[in-house]
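Here is the structure we will look at.
Proteins come first, then strands; the chains are lettered A, B, ... in the order of their sequence lines, and each starts at number 1.
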There are 2 protein chains.
Amino acid sequence: MRISARTQYALGAMLALAVADSPVHAEKIAVTQDIPRRFCDNILLQLRRAGLIRSQRGPDGGYWLARPPGEIALADVIRVTEGAEQALRPFSPAAAPLAEIWDRLRSQEDALLSEITLADVIASRDRHQDRDRSSGNGQDVPSDAGRGMS
Amino acid sequence: MRISARTQYALGAMLALAVADSPVHAEKIAVTQDIPRRFCDNILLQLRRAGLIRSQRGPDGGYWLARPPGEIALADVIRVTEGAEQALRPFSPAAAPLAEIWDRLRSQEDALLSEITLADVIASRDRHQDRDRSSGNGQDVPSDAGRGMS
DNA sequence: TATCATTCCTACTATTCAAGTAGGAATAAT
DNA sequence: ATTATTCCTACTTGAATAGTAGGAATGATA
């Protein structure tokens, strides 16, 4: 997995929207998530075009999630910001079996990231802030919190 | 996982050495694995410095594996060529829980790649070639070519 | 209507990193 | 001595990431 700054910014923005209960300005997202102002615009635009968030222009405008946090997986966001990663095909016949391994790696990644939703991340954050603040090295991220609201 | 061309070249080279029973020239590796000649040198040097292969200079020189193929995991090679991937740390407190997820992704990858050895890859290749060629490859247990130098 | 704050859009620059090259020194066999 | 190879540092180049710029479109409010 590559995890570009753009992706992590996008996830931060999505999380910010997930905990808000009304439209949020790009300006506020940029500040709270520490995203360069114009870059934030840029990313939000991409997320909206992908259908993950909605928006309203003008004063009193802002952004909000298109679906509840429990129905948006990390993979949904990452797929948008990372784009279609072109599979590197092996160069020689001897290396051909590697292609299958790359596939397994990718589907393994996809499985994990498809199971974790924005709601899960928020829940895990809340839990860590409750008990141990110093380390943040826990190991529990539940996979189904908040699903099923459609 | 990123999988650079360099990494795939390196794995190809290692596989080439794994099926050989005597030292192999960089030239031959470059040709059979379709690696740009000088780049191949470059990669082999890196693999040698990491202790994965050994070498001998001069005419009659070449490269060979430092350990038998069954004792070299793909992860061993990839760690060398990909270097220490610095974990992208989250930018905002809200995104902090992502760090744990990136860790899980990485250890999941590592688990898979640590289990698969060069010997495994070769075996899987042979299995896939079963219908084309009759067997008799006779290189099931390639081991150290017995050159204690460099 | 005018004003103003916001989203929206295209295109641009800067920086970093992967990919590959170049020139030649060191070594070893003959 | 010659020659074939590995060894080493540094360089070039192309692509991708990160971030910026300028302004048009929209919508609330007065």
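For B:Asn42 and D:dT6, the CG to C1' distance is 13 Å, given to the nearest whole Å. The nearest whole Å value for the distance from the CG atom in B:Leu45 to the P atom in D:dC8 is 6 Å. Atom pair B:His25:NE2 and D:dT6:C1' shows a separation of 10 Å (rounding to whole Å applied). Atom CD1 in A:Ile53 sits about 11 Å away from atom C1' in C:dT7, given to the nearest Å. Atom pair B:Leu88:CG and C:dC17:P shows a separation of 12 Å (rounding to whole Å applied). Rounded to whole Å, the distance from CD1 on B:Ile78 to P on C:dA18 is 15 Å. The separation between B:Glu82 atom CD and C:dA18 atom P is 8 Å, rounded to whole Å. Rounding to whole angstrom units, CZ of residue B:Arg6 and P of D:dG14 are separated by 19 Å.
Among D:dA18, D:dG27, C:dA18, the nucleotide with an atom closest to any side-chain atom of B:Ser4 is C:dA18. With D:dT6, C:dT21, D:dA4 as the candidates, the nucleotide lying closest to the side chain of B:Pro59 is D:dA4.
Note on B:Leu118 and A:Trp102: same hydrophobic cluster, where clusters join Ile, Leu, Val, Met, Phe, Trp and Tyr whose side-chain heavy atoms are under 4.5 Å apart, directly or indirectly. With hydrophobic clusters built from ILVMFWY side chains whose heavy atoms lie under 4.5 angstrom apart, A:Leu45 does not share a cluster with A:Leu65. By the rule that hydrophobic residues join a cluster once side-chain heavy atoms approach within less than 4.5 Å of another member, B:Phe91 and B:Ile101 end up as members of one cluster.
For B:Arg37, no side-chain nitrogen or oxygen approaches OP1 or OP2 of C:dG20 to under 4.0 Å. Using a 4.0 Å cut-off, some side-chain N or O of A:Gln56 falls inside it from OP1 or OP2 of D:dA28. Note on A:Tyr9: a side-chain N or O is less than 4.0 Å away from OP1 or OP2 of D:dG19. Considering only side-chain N and O atoms, B:Arg48 lies under 4.0 angstrom from the phosphate OP1 or OP2 of D:dC8. The shortest distance between the side-chain N/O atoms of B:Arg49 and the OP1/OP2 oxygens of D:dT9 is below 4.0 Å. For D:dC7, the OP1/OP2 oxygens have a side-chain nitrogen or oxygen of B:Ser55 closer than 4.0 Å.
Mapped onto DNA chain D by nearest heavy atom, B:Glu27 and A:Pro36 fall at different nucleotides, with B:Glu27 at the one closer to the 5' end. Between A:Asp41 and B:Val24, the residue anchored closer to the 5' end of DNA chain D is B:Val24, taking for each the nucleotide with the nearest heavy atom. Between B:Arg57 and A:Tyr63, the residue anchored closer to the 5' end of DNA chain C is A:Tyr63, taking for each the nucleotide with the nearest heavy atom.
Screening A:Gln33, A:Glu27, A:Lys28 for a side chain to side chain contact (heavy atoms under 4.5 Å, CB included) with A:Val31, the sole residue that qualifies is A:Glu27.
Side chain A:Asp60 to base C:dT6: no donor-acceptor pair is found below 3.5 Å. Judged by atom type and distance alone, B:Arg38 reaches the base of C:dG23 through a side-chain donor-acceptor pair under 3.5 Å.
Formation of a donor-acceptor pair under 3.5 Å by the A:Asp126 side chain with backbone atoms of A:Ala123 is not found in this model.
If you check the side chains of B:Ser107 and B:Asp110, you find no donor sitting under 3.5 Å from an acceptor.
Residue-level contact check: A:Arg2 touches the backbone only, with heavy atoms under 4.0 Å from sugar-phosphate atoms and none from bases.
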